[in-house]
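Here the structure comes first, spelled out in structure tokens, and everything after it is commentary.
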Amino acid sequence: MRKGRVFGITLSLTLVLLLSYLVLWPVAIEPRAWQAPRDHGYVGVYTPNQRLQAIQVLSLPRSEGPEALAVDPQGRVVTGLLNGDIVRREHDGDFTVLATTGGRPLGLAYDAQGGLWIADAYQGLVYFDSNQGVQVKVTEVDGRAVRYANDVAIAADGTIYFSDSSSRFPADRYGTYGASLLDIMEHAGNGRVLAYEPASGHTYTVVSGIHFANGVALSSDQQWLLVNETASYRVLRVGIGSNNSGQFEPLLENLPGFPDNLTTGRDGKFWLGLVSPRSALLDQFADAPFMRKVVQRLPAAMRPKAQRYSHLLAIDIDGNVLHSLQDPEGRFGYVTGAVEVDQQLFLSSLHEAAIGQLEFPQAQH
């Protein structure tokens with residue numbers, strides 16, 4: 001009897017402690033309530049297919065996480081890796097290490113002079129060329145530190161547009177993946193898009209209050225800046241021309257996954273990677289901040305995280321989906337985006353230790 005009583009008391013205390021932990025333990029996030037759009041899943045233009053199963057996997061040296069790609073003036077693919085390396089794929093298929101930023105290079109873009117601009121999540125906006133080496137150009141805009149530089153796009157006039165995904169969760173403290181999970185769970189509009197004018201050194205905020213600002217790209221007429229709002233499953237269109245400056249509108253909403261990078265392709269198209277399907281748990285608790293705190297207290301393995309799936313979209317400036325390329329089995333998983341080189345697509349990934357290569361897709365019907 002005594003043993004049973006002790007066991008009962010021990011069990012009760014354990015349950016009280018567990019409940020107290022789930023309710024009271026401090027967490028990093030302060031979630032905000034919002035209304036997630038109903039997830040219709042993979043239907044209509046997003047109906048599952050196997051068009052990405054033909055990907056050829058090009059293994060990378062030394063590290064992983066080719067999160068974004070650029071194409072240099074000689075048509076060679078360049079990417080940044082988790083260990084800080086910037087690597088280039090040569091025409092013979094080998095990879096050359098160009099530089100190491102000392103941080104975490106994400107978005108990349110070449111300017112008209114052949115210099116490489118890098119959104120380095122740990123350091124800010126960074127510039128590299130073979131003569132000057134690696135230079136950190138922007139670490140603060142409008143009195144606020146750049147804590148998670150993510151993607152970059154260069155306008156015809158030389159202006160560098162780049163995203164700062166989260167002002168709350170520094171990438172160099174939590175890691176890029178960890179910081180993104182925290183910011184998406186919080187959903188407090190901590191992201192912004194910034195601009196830097198190299199000739200004058202002037203910097204400014206283009207738009208703020210974005211729920212994890214991610215990929216950025218410019219329209220061919222230079223009148224619009226497209227921005228992926230990852231935590232809200234949508235692409236935004238921001239006016240930057242003389243006649244539409246300040247206009248701000250959703251371009252493509254209620255995506256079936258989390259949009260990551262955005263790159264400009266040929267014929268007015270944009271390549272958009274959906275790094276993971278949506279999380280039913282996140283959507284369920286979108287309007288329940290308290291429950292999101294409870295979820296954050298669970299072991300990491302039980303919290304929402306990226307799921308292995310392969311999905312790449314091509315869209316136009318009006319938000320029409322031109323291509324939806326998928327591999328539900330995720331042989332080359334966590335696709336973040338793509339660039340075009342001749343008749344080939346090269347795909348980037350959040351976690352893979354490789355770049356994907358695919359024959360340019362035919363028109364989708």
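Residues Arg89 and Phe346 are in side-chain contact: their nearest non-hydrogen atoms beyond the backbone lie under 4.5 Å apart. Side-chain atoms of Phe332 and Val335, non-hydrogen and from C-beta on, do get closer than 4.5 Å to each other. Two residues are said to be in side-chain contact when any heavy atoms from C-beta on lie closer than 4.5 Å; Arg237 and Asp318 meet this criterion. The side-chain heavy atoms of Ile355 and Leu347, taken from C-beta on, include no pair separated by under 4.5 Å. Looking only at side-chain heavy atoms (C-beta outward), Leu60 and Leu81 come within less than 4.5 Å of each other. Residues Pro198 and Ile160 are in side-chain contact: their nearest non-hydrogen atoms beyond the backbone lie under 4.5 Å apart. The side-chain heavy atoms of Val339 and Leu345, taken from C-beta on, include no pair separated by under 4.5 Å. Taking 4.5 Å as the limit, some side-chain heavy atom of Thr176 sits within range of a side-chain heavy atom of Tyr148.
Proximity of a side-chain donor or acceptor of Asn190 to a complementary backbone N or O of Ser167 within less than 3.5 Å is not detected. A donor-acceptor pair is defined here as one N or O able to donate and one able to accept, closer than 3.5 Å; such a pair exists between the side chain of Arg292 and the backbone of Met185. Here the side chain of Thr264 pairs no donor or acceptor atom with the backbone of Phe270 at under 3.5 angstrom. For Arg308 (side chain) and Gly330 (main-chain N/O), a donor-acceptor pair under 3.5 Å exists by modelled atom type. With hydrogens and angles ignored, the 3.5 Å screen pairs no side-chain donor or acceptor of Asp85 with any backbone N or O of Val87. Distance alone, capped at 3.5 Å, is enough to place a donor-acceptor pair between the Lys305 side chain and the Ala301 backbone. Without hydrogens or angle criteria, Asn244 side chain to Gly241 main chain gives a donor-acceptor distance under 3.5 Å. Between the side chain of Ser232 and the backbone N or O of Glu229 there is no donor-acceptor pair closer than 3.5 Å. Distance alone, capped at 3.5 Å, is enough to place a donor-acceptor pair between the Ser180 side chain and the Tyr177 backbone. Of the possible polar contacts, none joining the Ser276 side chain to the Ala306 backbone as a donor-acceptor pair under 3.5 Å is found.
Residue Leu98 comes nearest to Phe128 through the heavy atom pair O-CZ, 3.7 Å, listed as atom of the first residue, atom of the second, then distance. Scanning all heavy atoms of the two residues, the minimum distance from Leu281 to Pro304 falls at CD2-CG, 4.1 Å. The two residues Pro328 and Tyr309 have their closest heavy-atom pair at CA-CE1, 3.4 Å. Closest of all the heavy-atom pairs between Ala149 and Gly124 is CB-O, 3.7 Å. The two residues Ala195 and Val206 make their nearest non-hydrogen contact at CB-CG2, 3.8 Å. Taking both residues in full, the closest heavy atoms of Leu312 and Leu52 are given as N-CD1, 4.2 Å, listed atom of the first, atom of the second, then distance.
Within the model, atoms CG of Asp120 and CZ of Phe162 stand 11.5 Å from one another, a figure rounded to the nearest 0.5 Å. Atoms CZ and CZ, on Arg297 and Arg303 in that order, are 11.0 Å from each other to the nearest 0.5 Å. The CD atom of Gln247 lies 12.0 Å from the CD1 atom of Ile240; values are rounded to the nearest 0.5 Å. To the nearest 0.5 angstrom, Asn254 atom CG is 9.0 Å from Tyr233 atom OH. Atom-to-atom distance recorded for Ser324:OG and Ile315:CD1 is 12.0 Å, nearest 0.5 angstrom. Remark: Leu313 CG to Asn320 CG distance equals 12.5 Å, nearest 0.5 Å.
Counted within 6.0 Å of CG on Asp92, heavy atoms from surrounding residues, nucleotides or ligands total more than 12; the atom is thus considered enclosed. Counting non-hydrogen atoms of neighbouring residues, nucleotides and ligands closer than 6.0 angstrom, the CZ atom of Arg173 reaches no more than 12 such neighbours. Heavy-atom neighbours of Arg38 CZ from other residues, nucleotides or ligands within 6.0 Å: at or below the threshold of 12.
No path of Ile, Leu, Val, Met, Phe, Trp and Tyr side chains, each step under 4.5 Å between heavy atoms, connects Tyr161 with Tyr110, placing them in separate hydrophobic clusters. Taking hydrophobic clusters as Ile, Leu, Val, Met, Phe, Trp and Tyr residues chained together by side-chain heavy-atom distances below 4.5 Å, Val71 does not share a cluster with Val78. If you chain together hydrophobic residues whose side chains sit under 4.5 Å apart, Tyr204 and Ile154 never meet in one group. Linking Ile, Leu, Val, Met, Phe, Trp and Tyr whenever their side-chain heavy atoms come within less than 4.5 Å puts Leu272 and Val275 in one cluster. Clustering ILVMFWY residues whenever any of their side-chain heavy atoms sit less than 4.5 angstrom apart, transitively, puts Leu236 in a cluster other than the one holding Leu251.
Ion pairing between a basic and an acidic side chain is recognised when a charged N comes within 4.0 Å of a carboxylate O; Arg192 and Asp164 show such pairing. For Glu186 and Arg32, the salt-bridge test fails: no basic side-chain N is under 4.0 Å from an acidic carboxylate O. Between Arg168 and Glu30 there is no salt bridge, since no side-chain N of the basic residue sits under 4.0 Å from a carboxylate O of the acidic one.
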Using the rule given for side chain to side chain contact (heavy atoms under 4.5 Å, CB included), can you reason through Ile210 versus Val193, listing the C-alpha separation, both sets of side-chain angles and the distance that settles it, and then say yes or no? CA-CA 8 Å; Ile210 298 177; Val193 178; 4.0 Å; yes
Does Asn83 form a side chain to side chain contact (heavy atoms under 4.5 Å, CB included) with Arg62? I'd like the steps, not just the answer. CA-CA 8 Å; Asn83 66 354; Arg62 296 172 49 173; 4.0 Å; yes
If you apply the rule side chain to side chain donor-acceptor pair (under 3.5 Å), what do you find for Ser310 with Asp327, and how did you get there? CA-CA 5 Å; Ser310 307; Asp327 176 8; 4.5 Å; no
Can Asp260 and Thr230 be said to form a side chain to side chain contact (heavy atoms under 4.5 Å, CB included), step by step? CA-CA 6 Å; Asp260 201 303; Thr230 300; 5.6 Å; no
Go through the steps to decide whether Ile86 and Leu108 satisfy the test side chain to side chain contact (heavy atoms under 4.5 Å, CB included), and finish with yes or no. CA-CA 10 Å; Ile86 303 290; Leu108 311 162; 4.1 Å; yes
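Aromatic ring orientation, His211 versus Trp34: parallel (interplanar angle below 30°, classes split at 30° and 60°).
Inspection of the Glu90 and Thr96 side chains reveals an N or O donor paired with an N or O acceptor under 3.5 Å. Remark: the Glu359 side chain and the Gln344 side chain contain an N/O donor-acceptor pair separated by less than 3.5 Å.
Just one residue in the list Asn214, Val235, Val238 forms a side chain to side chain contact (heavy atoms under 4.5 Å, CB included) with Val227, and that residue is Val238. The side chain to side chain contact (heavy atoms under 4.5 Å, CB included) test with Leu325 is passed by exactly one of Gln50, His311, Arg51, Gln53: Arg51. The only member of Asn150, Asp151, Asn228 that meets side chain to side chain donor-acceptor pair (under 3.5 Å) when paired with Ser165 is Asn150.
For Phe212 and His187, the ring centers sit 6.0 Å or farther from each other. Tyr46 and His40 have their aromatic ring centers separated by at least 6.0 angstrom.
For the pair Arg147 and Tyr122, the cation does not sit on the ring face, since its NZ or CZ is not both under 6.0 Å from the ring centre and inside 45° of the axis. Both the sub-6.0 Å distance and the 45° axial angle are not jointly satisfied by Arg278 relative to the ring of Phe258.
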